[in-house]
Protein chains: 2
Amino acid sequence: MKKKATIYDIARELNITVSTVSRALNNFSTISEATKKAVFETAKKLNYSPNRLASSLKSGKTYTIGVIIPSMEVHFFAVVIHSIEQVLKNNGYRILLYQSNESVENEINGVKTLLEAQVDGIIASMSLETEDTSHFQTLIKQNKPLVLFDRVDKSLNVSTVTLDDFKAGYLAAQHLIQQGYKNIAFVTTIHQNSIFGNRVKGYKAALIDHQLEIKEHHIIYGGLSIKDGRYGADKLMREQDRPDAIIAGDDYTALGVIKKLKELDLSPPQIGVIGFANETFSAFITPNLSTIDQQASKVGYECAQGFMKMIASENPYEVVEHTVIEPLVIVRQSTSK
Amino acid sequence: MKKKATIYDIARELNITVSTVSRALNNFSTISEATKKAVFETAKKLNYSPNRLASSLKSGKTYTIGVIIPSMEVHFFAVVIHSIEQVLKNNGYRILLYQSNESVENEINGVKTLLEAQVDGIIASMSLETEDTSHFQTLIKQNKPLVLFDRVDKSLNVSTVTLDDFKAGYLAAQHLIQQGYKNIAFVTTIHQNSIFGNRVKGYKAALIDHQLEIKEHHIIYGGLSIKDGRYGADKLMREQDRPDAIIAGDDYTALGVIKKLKELDLSPPQIGVIGFANETFSAFITPNLSTIDQQASKVGYECAQGFMKMIASENPYEVVEHTVIEPLVIVRQSTSK
DNA sequence: TTGAAAGCGCTAACAA
DNA sequence: TTGTTAGCGCTTTCAA
């Protein structure tokens, strides 16, 4: 295997200098057409492929951007990344991927690794464990763009793309009310996270706006899973004051709720059920599940746009933006009384 | 924003040379403990972060590997990448991500881009469009590891990780037969792809092994989707010689089959239905769907292992391996007569 | 145990 | 329009 061709080989072949070759390859206007043509032909002949490492080392720009997410296995993140990669690829950027697996330690390590790889910036969604965000400060200090999405730290002055979780909760409750449900419960997580907290707040606001009573005992704090959904539904249905609709913290929990309700012969939409996330399965279960869609593609798109805007500015942190994505109510059988 | 510290800054600070600093940072044994300690302390003090670009340029190794897949939106690929990243991260490698979106042109461009970024190798799954694989030959010529998974080109002498599709088809049919079904149809794609072809072959082999007749009119060639499933089921149920079980080309198609069967009041397991892929929703639909699992995590793990083996060898193409992943029958209600 | 210096492949300021 | 040359940050051979 012979060594790969460099611009030196092209230069030697044509009896010109490397700077001329470099300028030709980069389409400088100060190069004669003849030379340019000769250079490209020779490049092709020698099977020349540029070594971006070298130019990056020189220019300080790698056209590579780091993306840190909790896990690729979560469909939401996979779709966001799909979308980010599409947009950034078209702008000449590559994606260096790092999964934190919901561990701060990994996340810190991710930032370090990506920075050593000299990425031009980072797009990230924080791990659930993350509280101290000083590792992200490094980016800011280096004046490199940082865009946070979904799980963000509001105290950081960086661009963010988030869902309007308050509105998501509000819309879920409002939809149920409009369908005629009057006694609406909420099965959510005990986890301290503004996302879930804001949904509950939105839910409460909707109740108030529609002159419905807020019943704290109708808000079940547990986990988010099929099992937790079953548990929550069971507990709620045993109440004297039985709710006629349940909002579940996510679609898996909603699925658990539905399963339990079917067992109790209270299959939705008899008791209304709505979830959050619009997981793939939600459209296919019986009864199929109404849910709040988070528009993952749009989140990814906005992240990429925000990033491009920052990278294009010589002072990225002067063009910080906070994009809020609107939740979408997806109406299906489980709430169609 | 002051410039980032380099080994020169450390050297100057300590009145030693960069070579000593370099050796200290890389834990060479020929360095005195005192010096080493001083270097690390100064590095920390100056907030030193190594520039991997520079060392890569020198060494020719980037510890970055390219991964090309059709789309992150397909859950199978997302899980495979999850797994690849986990393993390779622990071996000090980073993942450069590229989506082909089922376009050869993009795929070719991906190889080019990744090669210019000087990746140490590539792990890829081909686009459905890809027929000519000469773009992958480039890797081989450069003696850089290439691992292909799922959608592979057998004529290429590279490491591969594939599902045993023949066996997948065989197991699906065998399972149905063991459940007591005797007249088994297949709804699959017309697409020319060994994956789907081999499943049909396995299906036929199972029928033969169990003295069942192969009926070509019971093999419906169309697309793979909910709609195609509905269409196939409808067509099959109108037959004089009505099948009592249907194998669907993937879980979406199976879902369509089930929907149509329910409409016809022939809900599984009355008519047995089994799919391929074990999509998330399959466990949650009613009746829940028996399916053949493709072990995406394992596929990713094996890709990473195969890659590590090749990269560790000074002649990667002497340790080429062909790993075949066993399909798993997931038994659920839709085939439990 | 440490230093001096060349070089990885490319860019760009300066000169011609 | 093209050439000369220094340098990006690091590694490594050779010498001391």
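Throughout, protein chains are lettered first and strands after them, A, B, ... in sequence-line order, and every chain is numbered starting at 1.
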**Student:** At under 4.0 Å between heavy atoms, what does B:L53 touch on the DNA or RNA strands: base, sugar-phosphate, or nothing?
**Tutor:**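 Nothing: the residue B:L53, judged by heavy atoms under 4.0 Å, touches no strand.
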**Student:** Only one of B:V299, B:I123, B:V79 clears side chain to side chain contact (heavy atoms under 4.5 Å, CB included) with B:I84; which?
**Tutor:**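 Option passing the side chain to side chain contact (heavy atoms under 4.5 Å, CB included) with B:I84: B:I123.
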**Student:** CD of A:E116 versus P of D:dC10: gap in Å, rounded?
**Tutor:**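 One finds 10 Å between P of D:dC10 and CD of A:E116, rounded.
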**Student:** Starting from C1' on D:dT2, measure out to CG on A:N15 and report it in whole angstrom.
**Tutor:**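 From A:N15 CG to D:dT2 C1': 13 Å.
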**Student:** Contact class for B:I31 vs. all strands (heavy atom < 4.0 Å): base, sugar-phosphate, or nothing?
**Tutor:**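 Answer is sugar-phosphate: B:I31 comes under 4.0 Å of backbone atoms only.
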**Student:** Whether B:S59 contacts D:dC10 is assessed here as follows: a side-chain N or O lying under 4.0 Å from the phosphate OP1 or OP2. Is that the case?
**Tutor:**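 Answer is no, no contact under 4.0 Å.
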**Student:** Please report the distance, rounded to the nearest Å, between NZ in A:K58 and C1' in D:dG9.
**Tutor:**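 Result: 12 Å.
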**Student:** Walking along DNA chain C from 5' to 3', note the first and the last nucleotide with an atom under 4.0 Å from a heavy atom of chain A, and give both.
**Tutor:**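 Taking any atom under 4.0 Å from a heavy atom of chain A, the span is C:dG9 to C:dA13.
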**Student:** Spell out, as yes or no, whether a donor-acceptor pair under 3.5 Å connects the side chain of B:E102 to the backbone of B:L128.
**Tutor:**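 Yes: the side chain of B:E102 pairs with the backbone of B:L128.
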**Student:** Hey, does A:S55 reach any base, or is it just sugar-phosphate, or nothing, if we go heavy atoms under 4.0 Å?
**Tutor:**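 A:S55: backbone/sugar contact only, no base atoms under 4.0 Å.
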**Student:** Return the value, rounded to whole Å, for the distance between atom CZ of B:F28 and atom P of D:dT13.
**Tutor:**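 It works out to 9 Å between those atoms.
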**Student:** Whole-Å distance between D:dT2 P and A:K36 NZ?
**Tutor:**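 Result: 10 Å.
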**Student:** Can any side-chain N or O of A:S56 pair as donor or acceptor with the backbone N or O of A:K61 at less than 3.5 Å?
**Tutor:**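 Yes, the answer is positive, given that a donor and an acceptor are paired below the 3.5 Å cut-off.
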**Student:** Tell me whether the OP1 or OP2 atom of D:dT11 has a side-chain N or O from B:N26 closer than 4.0 Å.
**Tutor:**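 Indeed, a polar side-chain atom of B:N26 lies that close.
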**Student:** Mapping A:R23 and A:R52 to their closest nucleotides on DNA chain C, which lands nearer the 5' end?
**Tutor:**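 The answer here is A:R52.
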**Student:** Provide, to the nearest angstrom, the distance between the CG atom belonging to B:L57 and the C1' atom belonging to D:dT11.
**Tutor:**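 Rounded to whole Å, this separation is 11 Å.
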**Student:** Round to the nearest Å and state the distance from B:R12 atom CZ to D:dC10 atom C1'.
**Tutor:**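 After rounding, the gap between these two atoms is 15 Å.
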**Student:** Whole angstrom is fine here: how far is it from CG in B:N51 over to P in D:dG9?
**Tutor:**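 Taking CG of B:N51 and P of D:dG9, I get 7 Å after rounding.
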**Student:** Which part of the nucleic acid, if any, lies within contact of A:T17, taking any heavy atom under 4.0 Å across all strands shown: a base, the sugar-phosphate backbone alone, or nothing?
**Tutor:**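 Base contact.
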**Student:** Just checking A:S19: base, sugar-phosphate only, or nothing, at a heavy-atom cut-off of under 4.0 Å?
**Tutor:**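 Answer is base: heavy atoms of A:S19 come under 4.0 Å of a base.
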**Student:** Quick one: ring pair (Phe, Tyr, Trp, His ring centres under 6.0 Å) pairs with a partner in residues 81-101 of chain B, sequence neighbours left out?
**Tutor:**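 Pairs touching residues 81-101 of chain B that pass the test: B:Y63-B:Y93, B:Y93-B:F307.
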**Student:** To the nearest 0.5 angstrom, please state how far the OG1 atom of B:T17 sits from the CD1 atom of B:I10.
**Tutor:**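 Going from OG1 on B:T17 over to CD1 on B:I10, the span is 12.5 Å.
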**Student:** Identify which one of B:L14, B:I7, B:I31 satisfies the side chain to side chain contact (heavy atoms under 4.5 Å, CB included) criterion when paired with B:V39.
**Tutor:**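 The passing option is B:L14.
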**Student:** Of the candidate nucleotides D:dT1, D:dC10, D:dG3, which contains the atom at the shortest distance from the side chain of A:T35?
**Tutor:**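 Between D:dT1, D:dC10, D:dG3, the one nearest the side chain of A:T35 would be D:dT1.
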**Student:** In terms of side-chain heavy atoms, does B:S134 have a donor or acceptor partner in B:D132 at a distance below 3.5 Å?
**Tutor:**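 Their side chains do contain a donor-acceptor pair, which is all the 3.5 Å distance test asks for.
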**Student:** Tell me, with the steps shown, if B:S155 and B:D153 meet side chain to side chain donor-acceptor pair (under 3.5 Å).
**Tutor:** CA-CA 5 Å; B:S155 69; B:D153 177 356; 2.7 Å; yes
**Student:** Closer than 4.0 Å, any side-chain N/O of A:T20 to the OP1 or OP2 of D:dG3?
**Tutor:**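 True: A:T20 side-chain N/O within range (under 4.0 Å) of D:dG3 OP1/OP2.
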